[in-house]
Amino acid sequence: RQVTVQRKEKDFQGMLEYHKEDEALLVRNLVTDLKPQMLLGTVPCLPAYLLYMCIRHADYVNDDLKVHSLLTSTINGIKKVLKKHNDDFEMTSFWLSNTCRLLHCLKQYSGDEGFMTQNSMKQNEHCLKNFDLTEYRQVLSDLSIQIYQQLIKIAEGVLQPMIVSAMLENESIQGLSGVKPTGYRKRSSSMVDGDNSYCLEAIVRQMNSFHAVMCDQGLDPEIIQQVFKQLFYVINAVTLNNLLLRKDVCSWSTGMQLRYNISQLEEWLRGRNLHQSGAVQTMEPLIQAAQLLQLKKKTPEDAEAICSLCTSLSTQQIVKILNLYTPLNEFEERVTVAFIRTIQAQLQERNDPQQLLLDSKHMFPVLFPFNPSSLTMDSIHIPACLNLEFL
Amino acid sequence: STQRPRPRVLLKAPTLAEMEEMSTSEEEESP
């Protein structure tokens, strides 16, 4: 006779038990030796969830030493990986994502009512029972800031060599080279030139790459927004500083190319839903500098128009650009001293910073808003490739 | 009878720098 065996539904408690002597192996397999590629197709931030489940069990059995030990080993393991891969965007982004997720878990399951408003009943059952890990949350927050700073440093390092070339020197607008100031004609190229010059598409491709990596790894959208705000600030600062020091790029045609390049970058931001990130606002000085290059610079009315437009440029910066401005040809006049005096008189009420150049090393302070997950701990599966059978 | 859950015990944590020092000294001690 056929017998139907009714399998009892397993009720997982959402915790992972391990022996103390397996802690080193756990941290090795889940942190130090882990490669992000091994987890393709799995739930984003899986290491963070697994670590929380181990912490939860140690809490459940009231073993404070085990909790201390695991958190310390984990944090040190993450720092070790980041030191080894201090030039690897993907690895750094992976651990930023996981560290933030672990921090969110420790809040979401802390038992503090303020962090539980979006929890399901099942998730409330998975809160910590015995220990308050507020101080460890602070450590994870500090670690997250360090990882974020490393991520920005790597990304800026990749973009830096491209910026001046792509924003100021490469011509993508057809026919613009005919309008360049005499003696400054440069041939246009669509890709990288033999002399290591870059076009705007190179910057856009790189931004796409950064964005894809961070999204695939489940980095919080609010953090992704802050990354791009920071990167766009750097593009603005490096480009503007270059403009303020070079006569050959202070021309009407550069203004035209720059406005086009900035509009391409704005369109990219809109396409990725990042136009509310503050990135466009960081480009405002450069946008105004580009417009200044194209405005008329002769009459008192022109001076008034410039002063009311250039609210994000200092007097010193406006005067510098006007001094450097190179006419298109012998029929266009240079900017007169009298015109510059008119500008200075109109702006003398302003309390401008004294320095000419922007600080390209400036970093906006980063925030990590609380971002609870809808995932329940009892639904997590451990892929075999992680070699965590001992859990 | 319903029991009020006992309050959670705050676990003191070292700072990030202290954790790194602990890790460095452990590595130096190991053969």
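Chain A is the first sequence line, chain B the second, and so forth, proteins listed ahead of strands; every chain is numbered from 1. Values below: every heavy atom of this structure, side chains too, minus hydrogens, waters and symmetry copies.
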Next item on the list: Check each of A/C100, A/P47, A/S144, A/P36 against A/W95 using the side chain to side chain contact (heavy atoms under 4.5 Å, CB included) test, and report the only one that passes.
Entry: A/P47

Check: For the candidates A/L128, A/D59, A/D142, which exhibits the highest count of non-hydrogen atom pairs separated by less than 4.5 Å from chain B?
Finding: A/L128

Notebook entry, point to check: Using the benzene-type ring in the case of Trp, are the ring centres of A/F390 and A/H19 under 6.0 Å apart?
Noted result: no

Which atoms of [X] come close to chain B, meaning under 4.5 Å heavy atom to heavy atom: side chain ones, backbone ones, both, or neither?
X      : value
A/S73  : neither
A/Q146 : side chain
A/I75  : side chain

Next item on the list: Identify the heavy atoms of A/I147 and A/T92 that sit nearest to each other, and give their distance.
Entry: CG2-O, 3.5 Å

Check: Of all residues at least two apart in sequence or in a different chain, which pass the side-chain contact (heavy atoms from CB on, under 4.5 Å) check with B/V9?
Finding: A/F131

